[in-house]
Amino acid sequence: DFNLSTQSAASQTAGASRLARTYFLHGRYARATASFGLARSMLKNAINLASDAGRIALQAEAMVQLARVQAEVGELDHAESLCNQALELIGTNELGQAAAYVALAQVEILRSRPDLALKHIDRALEIGRNMAATFPSALKAESYLARARIWRDLGRPNRALGSAKKALEL
């Protein structure tokens, strides 16, 4: 009887894990296509299912994606809270940390606080330098694009142009 219940629990956990990943991927796609309502519900489901399955990294990644959705629809406080929660869950996962810092920078850009945004982007890029070849070029390019916007907001057009060019090279 114990073996059957253990197998059943393992099967349910594996199912929740697969379903969480499916919701996450659909939520990320919905965000990319500006279907924010759909993205929000998909990512919330992904967060809950990943938590149930004990998939902490996936849960944190979904939180960062949901934070980006919330920022894009103007829910900046909730976006910041999600990023901070994700950072707590992520622990030492450098890639997860970098993604969370880029999302936090997005929040600060939308709050018109370029100095704080720049600090977050600098942290993300520092992590990227530490990771070297394993740092995804898409995240690096996104970081440089955010940096370009920050420099533009700070009235530094030459630096903004340099950051934008760096993003395009990636």
Side-chain angles (χ1 to χ4, degrees), residues 1-110 117 120-146 167 170:
D1 216 19
F2 175 75
N3 285 338
L4 287 177
S5 64
T6 303
Q7 288 175 345
S8 176
S11 177
Q12 286 177 345
T13 300
S17 179
R18 284 191 299 274
L19 197 53
R21 186 78 180 151
T22 300
Y23 274 114
F24 171 76
L25 292 172
H26 284 289
R28 194 169 69 179
Y29 177 78
R31 179 185 158 258
T33 59
S35 299
F36 299 126
L38 179 61
R40 188 179 299 153
S41 61
M42 292 287 178
L43 292 167
K44 284 180 181 178
N45 286 336
I47 291 165
N48 292 331
L49 287 164
S51 175
D52 292 346
R55 297 277 313 273
I56 302 302
L58 180 58
Q59 181 184 357
E61 192 175 359
M63 289 174 127
V64 169
Q65 287 295 316
L66 181 56
R68 296 179 68 116
V69 170
Q70 294 298 81
E72 289 173 21
V73 299
E75 296 289 334
L76 301 178
D77 290 338
H78 188 223
E80 181 181 24
S81 173
L82 285 164
C83 286
N84 289 327
Q85 289 174 46
L87 281 168
E88 286 179 23
L89 287 175
I90 289 166
T92 60
N93 177 327
E94 290 181 315
L95 183 56
Q97 289 174 353
Y101 287 127
V102 171
L104 278 169
Q106 179 186 18
V107 170
E108 297 305 339
I109 288 168
L110 293 170
H120 292 307
I121 287 298
D122 287 345
R123 287 174 95 176
L125 289 170
E126 180 182 338
I127 290 168
R129 281 187 294 279
N130 292 338
M131 292 179 68
T134 60
F135 193 67
S137 59
L139 187 57
K140 192 173 186 179
E142 190 175 3
S143 298
Y144 278 106
L145 281 176
L170 300 168

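Heavy-atom basis, side chains included; hydrogens, waters and symmetry copies ignored.
Gln97 places a side-chain N or O within donor-acceptor distance of the main-chain N or O of Gly91, the cut-off being under 3.5 Å. Side-chain atoms of Ser143 come within 3.5 Å of backbone atoms of Leu139 as a donor-acceptor pair (strictly under, hydrogens ignored). Ser81 places no side-chain N or O within 3.5 Å of a backbone atom of Asp77 that could act as its donor or acceptor partner.
A distance of 10.5 Å separates CE of Met63 from CG of Leu87, quoted to the nearest 0.5 Å. To the nearest 0.5 Å, atom NZ of residue Lys140 and atom CZ of residue Arg129 are 8.5 Å apart. Glu61 contributes atom CD, which lies 9.0 Å from atom CD1 of Ile90 (distance to the nearest 0.5 angstrom). Atom CD1 of Ile47 is separated from atom CZ of Arg55 by 14.0 Å, given to the nearest 0.5 angstrom. The CG atom of Leu145 lies 9.5 Å from the CD1 atom of Ile121; values are rounded to the nearest 0.5 Å. Rounded to the nearest 0.5 Å, atoms OG (Ser51) and CD1 (Ile56) are 6.5 Å apart.
When side chains are defined from C-beta on, Leu125 counts as touching Tyr144, because their heavy atoms get closer than 4.5 Å. Contact annotation: the side chain of Met42 approaches that of Leu38 to within less than 4.5 Å [non-hydrogen atoms, C-beta and beyond]. Between Glu94 and Asn130, the closest side-chain pair of non-hydrogen atoms falls below 4.5 Å. Counting only heavy atoms from C-beta outward, the side chains of Arg31 and Glu72 approach each other to under 4.5 Å. Two residues are said to be in side-chain contact when any heavy atoms from C-beta on lie closer than 4.5 Å; Leu104 and Glu108 fail this criterion.
Closest of all the heavy-atom pairs between Ala16 and Leu49 is O-CB, 3.8 Å. What you find for Leu110 and Ala71 is that their closest heavy atoms are CD1-O, 3.3 Å. In this structure, Ala67 and Ala79 approach most closely via the heavy-atom pair O-CB, 3.2 Å. Here the shortest heavy-atom pairing between Ala98 and Ala124 reads O-CB, 3.7 Å. Among all heavy-atom pairs drawn from Leu89 and Ala60, the shortest one is CB-CB, 4.1 Å. Nearest heavy-atom pair across Ala99 and Val64 is O-CG1, 3.7 Å.
Each of His78, Gln65, Glu75 was scored for a side-chain hydrogen bond (donor to acceptor under 3.5 Å, both in side chains) with Gln70, with one residue passing: His78. Across Gln106, Arg123, Glu126, a single residue satisfies side-chain hydrogen bond (donor to acceptor under 3.5 Å, both in side chains) together with Tyr101, and that is Arg123.
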Full working for side chain to side chain contact (heavy atoms under 4.5 Å, CB included) between Tyr23 and Leu43 = CA-CA 6 Å; Tyr23 274 114; Leu43 292 167; over 6 Å; no
Under the side chain to side chain contact (heavy atoms under 4.5 Å, CB included) rule, what do Arg40 and Leu66 come out as? Steps first, then yes or no, please.
-> CA-CA 6 Å; Arg40 188 179 299 153; Leu66 181 56; 3.8 Å; yes
